[in-house]
Amino acid sequence: MNIDEQVELLMQGTEYGDEDLKKAMTAELRERLIQAQKEGRPLRVYCGYDPTSTDLHLGHTITMRKLRQFQDLGHEVTFLIGSYTALVGDPSDKNKARPILTQEQVAANGKTYADQAFRVLDPAKTKIRENGEWLSKLTLVDLIRLGQNFTVQQFLARENFANRLEKGEPIFLHETFYALMQGYDAAAMETDIQVGGTDQLFNIIVAGRKLQEALGQKPLVGVICGILPGTDGIQRMSKSMGNIVPITSTADDMYGKVMSVPDAAMSKYYRLVTRLSPHEIDEVERAVAAGTMHPRDAKMKLAREITSIFYGDAAAEAAQENFIKMFQQKEVPDEMPEYSLKAGETVFDVILAAGMAESKSKARGLIDQKGVRLDGETLERGDIPFPHPGVLQVGKRRFLRVK
RNA sequence: GGGCGGUUACCCAAGUGGCCAAAGGGGACUGACUGUAAAUCAGUUGUCAGAAGACUUCGAAGGUUCGAAUCCUCCACCGCCCA
């Protein structure tokens, strides 16, 4: 791959929110690649992950995919676990301060993060480090010195702080340390390239570069990845929005979740979380635009690709077949929870016992709305004894085999 | 530390003694239509009850009243201004 192609691939899916910045970063990236080639040394690339929960979702894999691209081009990739930054909580993507985690939680989460990351990254070529390694050694004086490189105004100008200020929501002092800590990570590792989401723009472009410069290093190149919308297609994918595709979900589930993503978000999914080259993606989009490819088929290709990244081709193929059977041909799924009918139980009893509705009122509502079927027949009442064993379907996708 | 304002259901938010289980919007859910997409249309969205209705709920606890989300007292938390 020549330098131009490398730059194109590495800049795919990036978003800077500012054309000039993007141009500048692209130019710097090119320069670094050339320089690295000349000197015959790999670039030091990293992305940090704060282990704030146990489950990673597709949104987290965007930057991993980007790291993987660097890895495949022969560069040195560090998967940095933010053991210390997680203690502070990144204010970037929240309108509220994050809950403070204990050191034990952080340690436990960090472990599972690395394991999950290796579904995308090449374990043999990945360094795993924790930022506690160097952040724990900073003294108060060190921290104060770091703070001398920034003004309060710079922080208040940040979009999310500015919003909170405007709305009268609290901004805690400790939140401002986050950027300093992250910037220091970059300096401590003498980073060439830092990868992160658009919410990290400030931390990377302002904090990281400035601190490196202050410490006499060449400022890093920020590769800022776009944000993946969740399954609703609008809000960013995040656990609290309930629109995530967990990377630990089953192949069938992953395939189905990707299929439920609105068309409008397809392009982002292709660019941010697949292994396809910019060229191949263009081809798919052209075909859809020209009408030679059905948008549904483009999405099936996407769902299959994503499932394959995590489960391999065979499982992705199987997931696709299940999907076709279940939803395109309206057959009931092969596997579903089972329930043993007890004497005298009504339809309501079964629905509630199986957790298919939260309360009897909700169940009543579902029946009234013709949302409950037994072997395909709509049930009119819920207070009658359960008619006969069979497949109970509540809504579109909740199934129960009643025996 | 002082002054003022706020806390309503999943979220935002209206409501300042009875007509309040509580407007409106968003979200979620169901049905129709579809490509398990979007858009659109119709409906549901505190719990129990077949229905009438009953019960619990407007930050917490007490109180006034025939009756309180609404008035009073105290407590907790948040914001703004002044230090």
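Chain letters run A, B, ... following the sequence lines, proteins first and then strands; every chain starts at 1. In what follows, every heavy atom counts, from backbone to side chain, and hydrogens, waters and symmetry copies are set aside.
Rounded to whole angstrom, the span from the CD1 atom of A:Ile234 across to the C1' atom of B:A28 amounts to 14 Å. Whole-Å rounding puts the A:Met356 CE to B:C29 C1' distance at 14 Å. Atom CZ of A:Phe348 and atom C1' of B:U47 are 14 Å apart (whole Å). Residue A:Leu366 contributes atom CG, which lies 11 Å from atom P of B:C29 at whole-angstrom precision. At whole-Å resolution of the value, CD1 in A:Ile367 and P in B:G50 are 13 Å apart. One can place CD of A:Gln369 at 11 Å from P of B:A32, the figure rounded to the nearest angstrom. In this entry the distance linking CG of A:Asp232 with C1' of B:A39 reads 16 Å, nearest Å. At whole-Å resolution of the value, NZ in A:Lys370 and P in B:G31 are 11 Å apart.
By the 4.0 Å N-to-carboxylate-O rule, A:Glu285 lies close enough to A:Arg271 to be salt-bridged with it.
In this structure, A:Ser260 does not reach the B:A37 phosphate: none of its side-chain N or O atoms is under 4.0 Å from OP1 or OP2. A close approach under 4.0 Å does occur between a side-chain nitrogen or oxygen of A:Arg364 and OP1 or OP2 of B:A49. Close to B:G31, at under 4.0 Å from its OP1 or OP2, lies a side-chain N or O of A:Arg373. Under 4.0 angstrom from either OP1 or OP2 of B:U47 there lies at least one side-chain N or O belonging to A:Lys362. Phosphate proximity of B:C48 to A:Ser359: present, with a side-chain N or O under 4.0 Å from OP1 or OP2.
Distances from the side chain of A:Asp383 to the nucleotides B:A37, B:G50, B:C48 place B:G50 closest. Distances from the side chain of A:Lys360 to the nucleotides B:G35, B:C29, B:C48 place B:C48 closest.
Rounded to the nearest Å, the gap between the P atom of B:G26 and that of B:U64 is 43 Å. When the C1' atom is compared between B:A69 and B:G15, the two are found 8 Å apart, to the nearest whole Å. The gap from the P atom of B:A14 to that of B:G24 amounts to 15 Å, rounded to the nearest Å. Comparing B:C33 with B:A68, their P atoms are spaced 49 Å from each other, to the whole Å. For the P atoms, the distance linking B:C74 with B:G79 amounts to 23 Å, nearest Å. Atom name P, nucleotides B:C10 and B:G6: the rounded distance is 24 Å, in whole Å. Taking atom C1' on both nucleotides, B:U8 is separated from B:A13 by 9 Å, rounded to a whole Å. Rounded to whole Å, the P atom of B:G27 lies 12 Å from the corresponding atom of B:A38.
Under the Watson-Crick and G-U wobble criteria, each requiring two contacts below 3.5 Å, nucleotide B:U30 is paired to B:A42. Base-pair partner of B:G5: B:C78 (Watson-Crick or G-U wobble, both distances under 3.5 Å). When Watson-Crick and G-U wobble pairs are counted only if both distances are under 3.5 Å, B:G53 pairs with B:C48. B:C19 is unpaired under the Watson-Crick or G-U wobble criterion, no partner having all donor-acceptor distances under 3.5 Å.
Between the side chains of A:Gln200 and A:Asn203, at least one donor N or O lies within less than 3.5 Å of an accepting N or O. For A:Thr63 and A:Tyr49, the side-chain atoms include at least one donor-acceptor pair closer than 3.5 Å.
A distance below 6.0 Å separates the ring centres of A:Phe202 and A:Phe155.
A donor-acceptor pair is defined here as one N or O able to donate and one able to accept, closer than 3.5 Å; no such pair exists between the side chain of A:Lys257 and the backbone of A:Ser249. Between the side chain of A:Glu305 and the main chain of A:Ser308, no donor-acceptor pair closer than 3.5 Å is present.
In this structure, A:Val261 reaches the sugar-phosphate backbone alone: every heavy-atom distance under 4.0 Å involves primed, P, OP1 or OP2 atoms, never a base. Contact annotation for A:Gly395: backbone-only contact, meaning every heavy-atom pair under 4.0 Å involves sugar-phosphate atoms and none involves a base.
Side-chain contact between A:Gln212 and A:Thr191: present, with at least one pair of heavy atoms (C-beta onward) separated by less than 4.5 Å.
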